[in-house]
Number of protein chains: 2
Amino acid sequence: MKWSDLSDNWCPVARTLSIVGDRWTLLILRDCFLGMSRFEQFIESSGMTRHILADRLKRLVESGVLERKAYSTTPKRYDYVLTDKGQELAPALLTLRDWGKKHMPVRRATSA
Amino acid sequence: MKWSDLSDNWCPVARTLSIVGDRWTLLILRDCFLGMSRFEQFIESSGMTRHILADRLKRLVESGVLERKAYSTTPKRYDYVLTDKGQELAPALLTLRDWGKKHMPVRRATSA
DNA sequence: CAAGGTAAGTTTCGTTTTGGAACTATGGCA
DNA sequence: TGCCATAGTTCCAAAACGAAACTTACCTTG
């Protein structure tokens, strides 16, 4: 089965995961909730590679979770900001955070 | 950056995602919450391939989210059941479900 | 007892996706 | 003119994945 088929699955969890269920995407959204909006910020914060980030941002814009807004015309530069639809993922991030705090104690510090 | 490094990340969301942040894992857990516990059930329900399921189940057991319990000794057969730690992922699944219900309407039915 | 069925994986192989790093484009600034 | 910043894109090798066949171990049915 192809992962992309999940967007029409009968199960609403599966449909949600067709958008945020891959590696990195929820981490980008976490950064958005922390106030970040730019390509280089996401790169620095998450540690993901540049072309994966470019791909994920494109998908998130296509699915209406993020909006790509120009903040400079010359040169062309864009902010990626949460739409209302994206904002409503906050409860999901919060439950994942709470679970991590409770069940995933840190064993050693990391710089990232 | 390696994805596995996230288990020691400063951010609790990232640490949670180091376990459930890949494709398929949350879908397996959804099935667990629906009462499923066996290999063939997960295969039939999710549509994922057998060796990917085997890999995900092993990881989930290693991380203490599922427990592998023998339900037959001859031949050896196992149930995969949620631990307390796994049970506590319910709120996360519910928020993802709610978001899907609200923001991911079904366009056409699928058999899966 | 041989044939077929069930459950739970494992192996193989060809295709995709990913990580890492370098490269490109556009303009600002010294 | 040369260097810096932002936001990507391209290239290649490595890892992950999908599909399907194969394996192991037992059970049932003829």
Side-chain angles (χ1 to χ4, degrees), chain A residues 1-7 9 14 17-28 31-32 35-62 66-81 110-112, chain B residues 1-7 9 14 17-28 31-32 35-62 66-81 110-112:
Chain A
M1 193 221 237
K2 293 265 169 53
W3 185 265
S4 54
D5 295 344
L6 284 182
S7 60
N9 196 277
L17 292 176
S18 74
I19 291 185
V20 302
D22 69 306
R23 299 203 133 110
W24 303 121
T25 292
L26 281 171
L27 233 40
I28 295 171
D31 287 345
C32 291
M36 299 180 192
S37 64
R38 301 198 181 158
F39 196 92
E40 301 297 325
Q41 289 178 314
F42 296 131
I43 285 294
E44 207 178 336
S45 166
S46 68
M48 64 193 298
T49 59
R50 310 179 74 79
H51 68 304
I52 300 296
L53 175 60
D55 175 78
R56 295 299 189 275
L57 288 174
K58 185 161 35 150
R59 289 170 195 261
L60 284 169
V61 170
E62 281 168 6
L66 294 183
E67 191 185 346
R68 189 165 176 260
K69 286 186 170 172
Y71 72 87
S72 158
T73 49
T74 62
K76 287 193 186 294
R77 294 289 151 77
Y78 300 93
D79 274 317
Y80 294 90
V81 297
T110 54
S111 50
Chain B
M1 192 222 237
K2 294 263 170 56
W3 184 265
S4 55
D5 295 344
L6 285 182
S7 60
N9 196 277
L17 292 177
S18 74
I19 291 185
V20 302
D22 68 305
R23 301 203 130 113
W24 302 120
T25 291
L26 281 171
L27 234 38
I28 295 171
D31 287 346
C32 291
M36 299 180 194
S37 64
R38 300 197 181 159
F39 197 91
E40 301 297 326
Q41 288 178 316
F42 296 131
I43 286 293
E44 208 178 335
S45 166
S46 69
M48 64 193 299
T49 60
R50 310 179 75 77
H51 72 302
I52 299 296
L53 174 61
D55 175 77
R56 294 300 188 275
L57 288 174
K58 186 163 33 153
R59 288 171 196 262
L60 285 169
V61 170
E62 281 168 6
L66 293 184
E67 191 186 347
R68 190 166 176 258
K69 285 186 169 172
Y71 72 87
S72 157
T73 50
T74 61
K76 287 191 186 297
R77 294 289 152 75
Y78 299 93
D79 274 318
Y80 293 91
V81 296
T110 53
S111 51

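As a basis for the values below, the full set of heavy atoms in this structure was taken, side chains included, without hydrogen atoms, waters or symmetry mates. Note on naming: letters A, B, ... go to the chains in the order of the sequence lines (proteins, then strands), and numbering restarts at 1 for each one.
At a threshold of 4.5 Å between non-hydrogen side-chain atoms, the residues Ser37(B) and Gln41(B) count as touching. Using a 4.5 Å heavy-atom threshold, the side chains of Phe39(B) and Arg50(B) count as touching. Looking only at side-chain heavy atoms (C-beta outward), Met36(A) and Glu44(A) stay at 4.5 Å or farther from each other.
In this structure, Tyr80(A) reaches the dG8(D) phosphate: one of its side-chain N or O atoms is under 4.0 Å from OP1 or OP2.
Contact annotation: side chain of His51(A) to base of dG19(C), donor-acceptor pair present below 3.5 Å.
Nucleic acid contact class of Trp24(A) (heavy atoms, under 4.0 Å, all strands): sugar-phosphate only. Across all strands shown, Arg38(B) has heavy atoms under 4.0 Å from sugar-phosphate atoms exclusively, and none from any base.
Remark: C1' of dT6(D) and CD of Gln41(A) are 11 Å apart, rounded to the nearest angstrom. The nearest whole Å value for the distance from the NZ atom in Lys58(B) to the P atom in dA16(D) is 12 Å. In this entry the distance linking CZ of Arg59(B) with C1' of dA15(D) reads 11 Å, nearest Å. As rounded to whole Å, 13 Å separates atom P of dG20(C) from atom CH2 of Trp3(B). In this structure, CG of Asp22(B) is placed 14 Å from C1' of dT17(C), rounded to the nearest angstrom. Here dG18(D) presents its P atom at 11 Å from CD1 of Ile43(B), a figure rounded to the nearest Å. We find that CG of Leu53(B) is positioned 11 Å from P of dT10(C), with the value rounded to whole Å. One interatomic measurement links the two molecules: CD1 of Ile52(A) to P of dC11(D), which rounds to 16 Å at whole-angstrom precision.
Tyr78(A) OH to Ser72(A) OG: the interatomic distance, rounded to the nearest 0.5 Å, is 9.0 Å. Atom OG of residue Ser18(A) and atom CG of residue Asn9(A) lie 9.0 Å apart, to the nearest 0.5 angstrom.
Among dA22(C), dT10(C), dG18(D), the nucleotide with an atom closest to any side-chain atom of Arg50(A) is dA22(C). Listed nucleotides dT10(C), dG8(D), dT18(C) differ in distance to Phe39(A); the shortest reach to its side chain belongs to dG8(D).
For Leu60(B) against Thr25(B), the heavy-atom pair with the smallest separation is CD2-CG2, 3.7 Å.
Near DNA chain C, meaning a heavy atom under 4.0 Å from it, residues 68-79 of chain A has Thr74(A), Pro75(A), Arg77(A) in order of number.
Mapped onto DNA chain D by nearest heavy atom, Ala54(A) and Arg23(A) fall at different nucleotides, with Ala54(A) at the one closer to the 5' end. If you find the closest nucleotide of DNA chain C to Asp55(A) and to Glu40(B), the one lying nearer the 5' end belongs to Glu40(B).
Tyr71(B) carries Arg38(B) over the face of its six-membered ring, with the cationic atom under 6.0 Å from the centre and within 45° of the normal.
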